[in-house]
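To find a chain, count down the sequence lines: A is the first, B the second, and so on, and within it residues start at 1. Note that the structure is predicted; figures quoted are calculated from it, not measured.
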Protein chains: 4
Amino acid sequence: MARNINRDQELRKERTNDILKHAVELFAQKGLEATKISDIAKKAGMSHGLIYNYFKSKEEIYASLIHLNLNSFKEQLEELYQTKKPKELLEGIVRDFDKRKWNEAGFHYFFVEQIINSDAVNTELKEALNRGYDEVVAFLSRIFKEGIENGEFVPGVPEYHAHYFLTVLQGTIVFSSKSLPQNIYGYTMLSYLYPLE
Amino acid sequence: MARNINRDQELRKERTNDILKHAVELFAQKGLEATKISDIAKKAGMSHGLIYNYFKSKEEIYASLIHLNLNSFKEQLEELYQTKKPKELLEGIVRDFDKRKWNEAGFHYFFVEQIINSDAVNTELKEALNRGYDEVVAFLSRIFKEGIENGEFVPGVPEYHAHYFLTVLQGTIVFSSKSLPQNIYGYTMLSYLYPLE
Amino acid sequence: MARNINRDQELRKERTNDILKHAVELFAQKGLEATKISDIAKKAGMSHGLIYNYFKSKEEIYASLIHLNLNSFKEQLEELYQTKKPKELLEGIVRDFDKRKWNEAGFHYFFVEQIINSDAVNTELKEALNRGYDEVVAFLSRIFKEGIENGEFVPGVPEYHAHYFLTVLQGTIVFSSKSLPQNIYGYTMLSYLYPLE
Amino acid sequence: MARNINRDQELRKERTNDILKHAVELFAQKGLEATKISDIAKKAGMSHGLIYNYFKSKEEIYASLIHLNLNSFKEQLEELYQTKKPKELLEGIVRDFDKRKWNEAGFHYFFVEQIINSDAVNTELKEALNRGYDEVVAFLSRIFKEGIENGEFVPGVPEYHAHYFLTVLQGTIVFSSKSLPQNIYGYTMLSYLYPLE
DNA sequence: CATGAATGAGATTTCATTCAT
DNA sequence: GATGAATGAAATCTCATTCAT
């Protein structure tokens, strides 16, 4: 065995990340269909053929990104959950939101339906996406529930608060090209969840 | 003149509306890119060639819809402004929002950037879009300004309130496929703008 | 009978000429395929549908023009033949050539093959074209024969002189956009056919 | 690097030539407009899509051919110029003219205007065409000037002789489908430029 | 006759995907 | 693995021609 298998796997991982990293910027910029495989390849400095060694289709790249995004979002939530109270926790999410460019495309939920219905994405990944989304909502709901209970948030149905939160985060991206002070939406939004003093 | 000119003009208007009416449903359902000209033609019960008699490209149809939407939105605002106070006014908007299916696609602002950069849309229309959007924001800001002054809304920068409002309306659509009670987002959102009693 | 049949036929003739007159300019400018039926209609100030009352296809318009051109060319030859000697005769042709804009497209022999093979032209017309061309060559040959015999032209095969003459006339058109003194080609050409003094 | 770059470049060159070689025959046969991309592809034994890998449009193929033709024509002139006197030189051009099928389309100057005005041809190429044509005329004029001076040609304006020469070459092609002895035009034409003995 | 809306065949063009090297 | 030439399905778009009014 002339090659080091571990090293090979590492390389594979690296390549995969390369692709995703560059793909996400393009997806965020131009959307799913307007982003060409060859754009991604060029940006990532490789041949377009090589991409098919790592992903079976463009849709699969996109699906992977949403998957990653949901997971990282959930992880971030969980991590913050260890040390923060609900209010601080969500403020942290909002504060870091625009740093998490990497994951933005994951919020292009617009396209999710296309992905879910696409033959070009394997079933496993599709199911993972559905599951992941539900988990995020569930986790957020739990946080809001606690926040409402301890008075950090105004009363209401926690699940509605959760969707409201996601809605505005989504809106943040959609409107991100407008010229308001960075992330004003997020903070404004959160402020509405605080009880008046 | 062997034909009735007025009738012809009416016909043209009708056809234009036919196309827009069916296009908007498809755009709302599948987005800009996944909607094919031939889909629109089939749905509208005409040949694809005919569409090019009325619009020079798919993007132009889309742009027309946004344009119409902005205008109708602005008109609705202006009309309500005659008789309603700010709070009632915005509640009216939210209440009727899901009835205005026709215009929904106009809120797919996701694609607006593509439209704005597309060669397939004539410059005039592009400018109208930009202008229209600014006018809507300006009008909303004015409403919020009054609402803040008369105590109907919590204090804040009216323009931020306006963007927040639009953001959530936008989010409403993006998430509209999920199973929450209709338009919970909109009402939830507005509730955050009311001062506590 | 409410309508005057003769008047109707005159009108038909006029319309036909209208179409041809405007078509020829476009064909001369842009060629056969690049000229659209609707261009011709617009230029002639009528609806495109009406053109089909007079010609069964675009190719037929083109074929008609060549036909007319050949005929008028032959007539001109025959008319001049009554009073002129060969040398004067051909000089007359050359001199008037650029005034005969009307017929220029008839010299776009480039497209003749397309016409001859097109289903959109009726057989009769096609045969007329072939016949017409042969007649022109025959007539020119006869003129050159006389001119050679009476010493007005240098010796040679009359038929070759004829083709040479047509060749350069054709070339004249092809190069007509270049900036040489009007019709220098024609005169230069003829000068080579004169014996030195 | 898994592929042999040199081999790839050769391949690209070959393919480009393949396309041009087959395109020129079709253009010569049917003209610019009647030649479809798919005709070229079929004749060249490749998929139509591949052609777009090498040329951005049909017009660009055509323009390339004219460009090549002008260049090869100029080179031929320059090469012959090393060893031949003007008269011999031009006779050489005429003699070889029908062997140079490859370049024929370059003489379809008929279409050049369309090419020059087409968006589908890049500016650089257009300028090269204009430049190339002027250079050819200039070179020919110089040859005629010398030929006139040394008595090989009849007196006259060299530039006119040059245009006359090109005109007839052009005419040769246009009439090439007719049944005269091969290239009679060319020789006939040149004979008119020789002083009588 | 005259019009222009409507059709649909056919051409251009793009690009995801495959595969020989 | 890596490359990019090659394919071909699918979309866009054009326009000659027909036909109801």
So does [X] get a side-chain nitrogen or oxygen closer than 4.0 Å to the phosphate oxygens (OP1/OP2) of [N]?
X     : N     : answer
C:R15 : E:dA2 : yes
B:Y52 : E:dT7 : no
A:R12 : F:dG1 : yes

Looking at [options], which one has an atom nearest to any side-chain atom of [X]?
X     : options               : result
D:L50 : F:dT12, F:dA5, E:dT17 : F:dA5
B:S47 : F:dT12, E:dA2, E:dA6  : E:dA6
D:N53 : F:dA6, E:dA6, E:dA2   : F:dA6
B:M46 : F:dA2, E:dA6, E:dT7   : E:dT7
A:H48 : F:dG4, F:dT14, F:dA16 : F:dG4
B:K36 : F:dA11, E:dG4, F:dT14 : F:dA11

Rounded interatomic separation in angstrom, taking [atom1] from [X] and [atom2] from [N]:
X     : N      : atom1 : atom2 : answer
D:D8  : F:dA5  : CG    : P     : 6 Å
A:E59 : E:dA16 : CD    : C1'   : 9 Å
D:I5  : F:dA5  : CD1   : C1'   : 14 Å
A:L32 : E:dC15 : CG    : P     : 13 Å
B:Y54 : F:dC13 : OH    : C1'   : 17 Å
A:I19 : F:dG1  : CD1   : P     : 10 Å
A:I40 : F:dA2  : CD1   : C1'   : 18 Å
C:K42 : F:dC15 : NZ    : C1'   : 13 Å

Calculate, to the nearest 0.5 Å, the distance between atoms [atom1] and [atom2] belonging to [X] and [Y] respectively.
X     : Y      : atom1 : atom2 : result
D:H67 : D:L129 : NE2   : CG    : 7.0 Å
B:R15 : B:I51  : CZ    : CD1   : 10.5 Å
A:L68 : A:N17  : CG    : CG    : 7.5 Å

Original post:
Is a side-chain N or O of A:K36 found less than 3.5 angstrom from the main chain of A:E33, in a donor-acceptor match?
Top reply: yes

My understanding is that a pair needs two contacts under 3.5 Å, Watson-Crick or G-U wobble. By that rule, which nucleotide pairs with [N]?
N      : result
E:dG8  : F:dC15
E:dA20 : F:dT3
F:dA9  : E:dT14

**OP:** Could you check A:G49 against B:G49 and say which one's nearest nucleotide on DNA chain F is further toward the 5' end?
**Re:** A:G49

Original post:
Looking at D:E60, D:E59, D:E127, D:K56, which one forms a side chain to side chain donor-acceptor pair (under 3.5 Å) with D:N122?
Top reply: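 When side chain to side chain donor-acceptor pair (under 3.5 Å) is applied between D:N122 and each of D:E60, D:E59, D:E127, D:K56, only D:E60 qualifies.
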
Original post:
Does a side-chain heavy-atom distance below 4.5 Å link A:T35 with A:Y62?
Top reply: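 No; the side chains remain at least 4.5 Å from each other.
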
Original post:
Which part of the nucleic acid does D:R7 contact within heavy-atom distance under 4.0 Å: base, sugar-phosphate only, or nothing?
Top reply: nothing

Original post:
With a 4.0 Å cut-off on heavy atoms, is A:F55 in touch with a base, just the backbone sugar-phosphate, or nothing at all?
Top reply: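 No contact.
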
**OP:** Could you say whether B:I51 or A:I37 is positioned toward the 5' end of DNA chain E, judged by the nucleotide with the nearest heavy atom to each?
**Re:**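 Nearest nucleotide further toward 5': that of B:I51.
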
